[in-house]
Amino acid sequence: MPKPLRMSRRTWVGAWAVLCAAGIAATAALNASPAPDPQPEKPVSAECAEYIADIETQLAKAKVEGNDDDDGVLAFTRTRVGADDCSDEILDHFSGDR
């Protein structure tokens, strides 16, 4: 079985320095690149917009009444046959609040 090649400390330090320099250069290039264009907002149906407004009203009412605990849970339900599924729109609208 052949003996493994031993590398000197200079070689290890040189390789480490090259990797560090490459990482710093890559970080600088990424920081200098422009931010991607924001995604255009999808239109929200009138029914979902009304539902989101209703949720905001209920949240504001709970805040005024002092029920706005960080550990509390507010539940909103809407059970109507044929109603739009607004779950994606609600998540998109309220995701900035977290």
Which value, rounded to the nearest 0.5 Å, describes the distance between [X] atom [atom1] and [Y] atom [atom2]?
X: Cys48; Y: Ile55; atom1: SG; atom2: CD1; answer: 9.5 Å
X: Glu89; Y: Glu47; atom1: CD; atom2: CD; answer: 10.5 Å
X: Gln58; Y: Glu65; atom1: CD; atom2: CD; answer: 10.5 Å
X: Cys86; Y: Leu91; atom1: SG; atom2: CG; answer: 11.0 Å

Check His93 against Ile52 and note the closest heavy-atom contact, atom names and distance.
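In terms of heavy atoms, the two residues are closest at CD2-CG2, 3.4 Å.
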Under 4.5 Å between side-chain heavy atoms, hopping through other hydrophobics if needed: is there a path connecting Ile90 to Leu59?
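They do share one cluster, since a chain of ILVMFWY contacts under 4.5 Å joins Ile90 to Leu59.
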Only pairs under 3.5 Å count here: list side-chain donor-acceptor contacts from residues 11-30, not counting sequence neighbours, and write none if there are none.
unit_1	atom_1	unit_2	atom_2	d
Thr11	OG1	Ser8	OG	3.1
Thr27	OG1	Gly23	O	2.9

